[in-house]
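Data first, discussion second: the structure below is written as structure tokens.
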Amino acid sequence: MAQNTPPTKHKKLIDWVEETAKISQPDQIYWVDGSPAEKKRLEKRAVARGFFIPLDQEKFPGCYYSRSSPNDVARTEHLTYICTKTKDECGPTNNWMEPAEGHKKAAEILKGAMKGRTMYIIPFSMGPVGSPFSKIGIEITDSLYVVLNMLIMARVGQKVLDQLGAEGEFTKCLHSRADLDVAHRLILHFPEENSIVSTGSAYGGNALLGKKCLALRIASWQARKEGWLAEHMLILGIEDPKGKIEYVTAAFPSACGKTNLAMLIPPEGLKAKGYKIWTVGDDIAWLRTGPDGRLWACNPEAGFFGVAPGTNTKSNPNAMKTIQKNTIFTNVLLGDDLTVWWEDGEGPSPASGTNWEGKPWNPAFKDKDGKPMLAAHPNSRFTAPAGQCPSIAPNWEDPKGVPISAIIFGGRRERLAPLVLESLDWNHGVYLGATVASERTAAAEGSVGAVRRDPMAMLPFCGYNMGDYFAHWLEMGTSVAKPPKIFHVNWFRKDEKGKFLWPGYGENLRVLEWIVSRCRGEGKAQKTPIGFVPAKDAIDLTGLDLPAGVMEKLLEVRPDEWTGELDGVKTFFDQFGAHLPKELTKQLEALKERLKTKVAA
Ligand code: OXD
Ligand code: MN
């Protein structure tokens, strides 16, 4: 079988590649070196094979259009498994499969699955190559689309193999798109073996195995063993008018605007003060204790895999600038003028084009229900190098990471949760994280308004029993000498008429300013049964025309509503049985007691 010479002496790696080739029977094997010349060659190959369509290269240099199979457009959580020896290790919130069964099922699908294809070997580093934060993975894949996305999303190539050496530890990431049939789709994680097998999909988190599979599910398992945290969090730096930068991380369930917050532009009213936001990462943070006793964070990724619909110059000007070059657009609208467009995107759509399903499209077309025909799939994406973001922090690749002053959790709540809330201490902060919830929007399955709990926004991404995960978080509070403060935010509170009370987007910096001031022991707050909320006038509203009384509504804490929430929290906690740390039950009981007292005026 044709193969470029393995550029490594790592025997275990070479043996694994050979073993995999024997089973999946590709036509040839190609080791990805990560050079710019190779990237150009592979892009040309993708165009020749019809996976990529070049966009207008004058308007969008280095940009390509791609479409996935219409049955393969999002992460398939119901086909995602944690394969641990016992079900107990996996916990009640993950799908479990016995490791032997997982391997057997995967082997059946992989048998001959790469016939007629090239098997690519992608050595990649999550985190800067050689950083103490970083982990190495090797993805074997038969998808050129995956290779070209991984070249953007991770550090890839020979430098990674050099770092790995002849004996280094790596995560085996085996991917085959197979026949893209859902019946052959499985996303299997074997944390005890440090390996991942993914079949039957070629899209996003199912197939770019460095992202959710390695950097969250496998890494969270490793983090517990090694005493650090692998989290579904953005990282950003807030530079104050004196030039001092404080870094925060933030975790939100999907559809809460994480990428937008990571790239925030200060609103006019605060710009005069001289604030600047620096982006370090938009999706994943790895956090370790530094020699100074603080928590330090690193973004393990090298690119953004952002949701396109809703991205425009109002919601995220920096993202719009980031995606002007060297970007892959998947499942958006391809204009006949070789530009791209999506719902709630920039300016008017092209006059005509081809939609995400490959169907002819123009703005007047209707679907079978008489609604405007979708141009882009709601989960269509851009894959863009992080280094191109105008707000990227100069130190975003610093191998020692950045020191974290605050951890922010958030959810989408129409009522209940105030705009911002500071936890009473670390353990109470862990309780806030463990009870993060979002209300379903009309777009999601299930009844609108129903609350979905998503602890630390990690529900689909925790690679082990979430009860043990909560215990690990509590434990981190004792091992970090100077832990960051923990906050909870809610940008989505509505008035009685269903109108959002808070403008969001860039204005969220006003909340970040208060958070930073609290970290410095400066900002004014009032203590309530649920934690500290900003004192009246503590949030700077200069230049924001907020009607009278709205701030009071945004910060209102209603003990009756909070008490009504407690049964749901208890039911959620109960599923973890003996794995639920007693401390969280204590927190719940203490909150119940505090809610019986009056809210301080
Ligand atoms: C993502 C997600 O794709 O959280 O980042 O689903
Ligand atoms: Mn995410």
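For the numbers below, each heavy atom of this structure counts, side chains included, while hydrogens, waters and symmetry mates do not. Everything numeric here is computed off the predicted structure, so don't read it as measured data. We count ligands from 1, going down the list as the structure has it; atoms in each ligand are counted the same way.
- Checked against the 6.0 Å centroid threshold, Phe572 and Phe576 count as a close aromatic pair.
- Screening Leu295, Leu234, Leu229, Ile407 for a side chain to side chain contact (heavy atoms under 4.5 Å, CB included) involving Thr249 leaves a single residue, Ile407.
- Looking at Lys494 and Glu439, no side-chain N of the basic residue comes within less than 4.0 Å of a carboxylate O on the acidic one, giving no salt bridge.
- Ion pairing between a basic and an acidic side chain is recognised when a charged N comes within 4.0 Å of a carboxylate O; Glu565 and Arg453 show such pairing.
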Pairs under 3.5 Å, nitrogen or oxygen of ligand 1 with protein nitrogen or oxygen:
residue	atom	partner	partner atom	Å
ligand 1	3 (O)	Arg381	NH1	3.2
ligand 1	3 (O)	Arg381	NH2	3.0
ligand 1	4 (O)	Lys212	NZ	3.1
ligand 1	4 (O)	His232	NE2	3.2
ligand 1	5 (O)	Lys212	NZ	2.9
ligand 1	5 (O)	Asp283	OD1	3.3
ligand 1	5 (O)	Asp283	OD2	3.4
ligand 1	6 (O)	Arg75	NE	3.3
ligand 1	6 (O)	Arg75	NH2	2.7

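- Checked for salt-bridge contact, Glu89 and Arg224 meet the test: a charged N lies under 4.0 Å from a carboxylate O.
- The main-chain N or O of Asp142 is found under 3.5 Å from a side-chain atom of Arg177 such that the two form a donor-acceptor pair.
- Nearest N/O/S atom of Asp283 relative to the Mn ion (ligand 2): this is OD1.
- The aromatic ring centroids of Tyr203 and Trp356 lie 6.0 Å or more from each other.
- In His232, the N, O or S atom that comes nearest to the Mn ion (ligand 2) is NE2.
- Look at Phe461 and the Mn ion (ligand 2): no N/O/S atom of the residue is under 2.8 Å from the metal.
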